[in-house]
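Below: the structure, in structure tokens.
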Amino acid sequence: MNRKLIEKADRLLSKERGTVYKDPGGKINIALVYPNTYHVGMSNLGFQGIYGLLNSMNDVVCERAFLPDDRDLDEHVRTGTGLFALESKRPLNRFDIIAFSVSFENDYPNIVKILELSRIPLKSPERASHYPLVVMGGVCAFYNPEPLADFFDICFVGEADEMLPEFLDLYRASQNKSEVLKGSLSLEGLYVPGFYRITYGVEGKISGRHPLENAPYIIRRRFLKDISKTDISTSIVTPETEFSGMYLIEAMRGCPWNCRFCVTDKIYSPPRKKALQAVNDEIETALSITKRVGLIGPSLSDYPYIKDVLKNPEVDFSITSLRAGRKTAELISLMKDRRSVSIAPEAGTERMRNVINKKISEDDILYTSEHLFSSGIENLRLYFMVGLPTETEEDISGIIDLVKKIRDMSRRGSVTLSISTFVPKPFTPFQWHPMESLQVVKERLKMIKKALKHVKGIKVFHDVPKYAYMQGLFSVGDRRVSKVLEIMTGTGAWTKAVDACGLKSEFYISRKKDFNETLPWDFIDMGIGKEVLWKEYQEALST
Ligand code: SF4
């Protein structure tokens with residue numbers, strides 16, 4: 001084992017509070033893997049929650065592993081050190097189960113890197129029975145696991161806190177891997193990609209999905225009915241995260257709004273609220289570690305007990321997401337930590353916000369911004385998107401004008417724009433829509449940056465468009481895209497990898513799809529009819 005890498009792992013562990021160390025003997029050994037760095041993974045409440053949930057079971061030991069940063073990755077390769085779990089330093093390939101928690105498409109290439117680094121054959125059928133079972137959970141598994149189908153033995157389509165106990169019962173009762181796989185076919189929400197054969201027509205579109213050995217044709221997404229009963233909470237507090245030493249509490253799961261570009265409200269439907277007592281109990285636990293508490297939920301202004309929670313004088317609260325509107329303005333005065341707040345207008349004109357069904361007006365945005373500044377908040381972050389369906393230059397000018405109006409309200413602090421490129425997501429009305437061309441997106445970003453360059457106190461950040469297109473490919477891709485990921489580990493360049501596979505990225509991301517086309521994720525029952533989404537899509541296009 002490489003001394004440098006072990007020392008680095010120990011340094012991280014020494015800063016943590018809440019780490020679980022268990023004797024692995026006679027237990028189910030699970031390596032929980034986040035396919036990005038420690039910093040990113042440990043900032044993810046879902047990842048942390050699953051660690052706590054698994055370790056709360058007496059016969060399970062769960063340890064963590066992450067993608068090494070570039071320096072450590074070189075050290076692993078240079079010294080031939082396989083990837084190991086932080087807690088016990090055991091190599092990943094000695095665990096019974098490797099469970100990946102996957103939240104972002106751009107992490108897909110890292111999954112392949114991690115499997116390689118762990119000396120585990122990449123593809124599910126190539127792994128003999130002595131290799132760990134490799135499973136996938138996290139939001140990407142909910143809506144389109146197909147681009148990763150070759151690498152995973154089982155995908156959890158839905159919320160893991162609902163499904164994990166049943167899956168582990170099945171694991172305990174099974175004699176071997178093959179029994180686990182076959183048993184998974186009758187557990188609702190578990191998807192075993194190896195039991196399906198996909199066929200393609202002459203144009204490259206999916207012509208058939210053929211379940212083998214009585215595998216179910218449709219996989220129904222699972223969700224936890226009462227999130228007050230979940231065990232998902234912060235397990236480990238460490239300064240080495242995005243929220244540095246903050247204890248995160250999930251107050252809401254799902255979102256009552258219905259923005260047409262957004263997948264969150266669809267995959268976490270129905271929206272659920274944690275009972276006030278349950279949140280207060282978690283705050284008590286948090287206070288034994290830190291005063292800093294972050295409330296998590298996609299639209300916390302809609303949490304009915306938010307004011308009661310924020311009134312707690314012992315806690316410094318931070319809220320991740322606020323919706324522009326009068327309710328939000330009221331909440332701000334209850335927050336102690338008011339250094340910086342974010343709101344998401346998403347688009348610059350009323351028309352464009354109607355297209356995406358954002359349901360906030362310019363008045364809402366200006367009223368909220370004014371209230372934020374007058375309550376002492378100096379730094380405001382605004383989220384926008386470019387490349388949205390039907391977007392024109394007028395909509396881009398709308399972003400520029402809106403930001404200038406907001407900046408004019410206060411001379412202190414800064415207004416930061418965070419701009420991302422629109423990427424179509426499965427189970428949204430825009431799942432059929434192509435991405436805007438790279439050239440147009442670049443021009444629109446340039447237009448915003450140029451117009452705001454000389455306005456004092458405005459900073460503009462945006463994603464790298466070429467990675468947004470990669471995200472698009474993995475978001476709406478089918479099984480053939482697995483090959484791209486495999487080749488990418490060698491070349492690193494996704495466009496070259498697409499060419500090398502004989503695929504065309506335009507086929508996936510630049511083509512408007514028909515209602516009747518079989519989409520790669522159509523086998524998942526999300527609880528929303530395709531007709532409803534299509535109607536919404538047509539409405540958006542005619543707005
Ligand atoms: S963008 Fe935000 S407000 Fe809109 S549906 Fe998604 S989570 Fe809800």
Using atom types as modelled and distance alone, determine if a side-chain donor or acceptor of [X] lies under 3.5 Å from a backbone N or O of [Y].
X      : Y      : value
Lys358 : Asn354 : no
Arg292 : Phe317 : no
Thr428 : Pro424 : no
Arg353 : Ala347 : yes
Thr543 : Glu539 : yes
Arg222 : Ala160 : no
Asn144 : Gly477 : yes
Ser342 : Leu382 : no
Arg479 : Pro193 : yes

Are any of the side-chain nitrogens in [X] or [Y] under 4.0 Å away from the carboxylate oxygens of its partner?
X      : Y      : result
Asp522 : Lys530 : yes
Glu146 : Arg209 : yes
Glu536 : Arg260 : yes
Lys225 : Glu159 : no
Arg480 : Asp478 : yes

Are a donor atom and an acceptor atom from the side chains of [X] and [Y] found within less than 3.5 Å of each other?
X      : Y      : answer
Thr421 : Asp463 : yes
Thr349 : Asp395 : yes
Arg351 : Thr390 : yes
His462 : Ser420 : no
Asn379 : Thr416 : no
Trp257 : Asp302 : yes

Could you check whether any side-chain heavy atom of [X] comes within less than 4.5 Å of a side-chain heavy atom of [Y], counting everything from C-beta outward?
X      : Y      : answer
Ile419 : Phe461 : no
Ile206 : Glu517 : no
Ile343 : Ser369 : yes

Exercise for the section: Count the heavy atoms belonging to other residues, nucleotides or ligands that lie under 6.0 Å from CD of Gln538, then report whether that count exceeds 12. Expected result: yes
Practice task
Establish, yes or no, whether the cationic atom of Arg412 lies under 6.0 Å from the six-membered ring centre of Phe373 and within 45° of the ring axis.
Solution key: no
Handout entry: Test: Lys535 cationic atom under 6.0 Å from Tyr537 six-membered ring centre, within 45° of axis
Key = no
Practice task
Could you walk me through whether Arg444 and Glu391 pass salt bridge (Lys or Arg N to Asp or Glu O under 4.0 Å), step by step?
Solution key: CA-CA 10 Å; Arg444 291 188 177 164; Glu391 181 185 271; 3.0 Å; yes
Taking the six-membered ring for Trp, are [X] and [Y] ring centroids under 6.0 Å apart?
X      : Y      : value
Trp521 : Tyr143 : no
Phe142 : Tyr268 : yes
Phe474 : Tyr108 : yes
Tyr191 : Tyr196 : yes
Tyr305 : Tyr303 : yes

Exercise for the section: Rounded to the nearest 0.5 Å, what's the gap from CG on Leu372 to OH on Tyr367? Could you check? Expected result: 10.5 Å
Handout entry: Separation of Lys123 NZ from Phe151 CZ (nearest 0.5 Å)
Key = 7.0 Å
Practice task
Quick one: sort the His433 and Phe430 rings into parallel, tilted or perpendicular, breaks at 30° and 60°.
Solution key: tilted
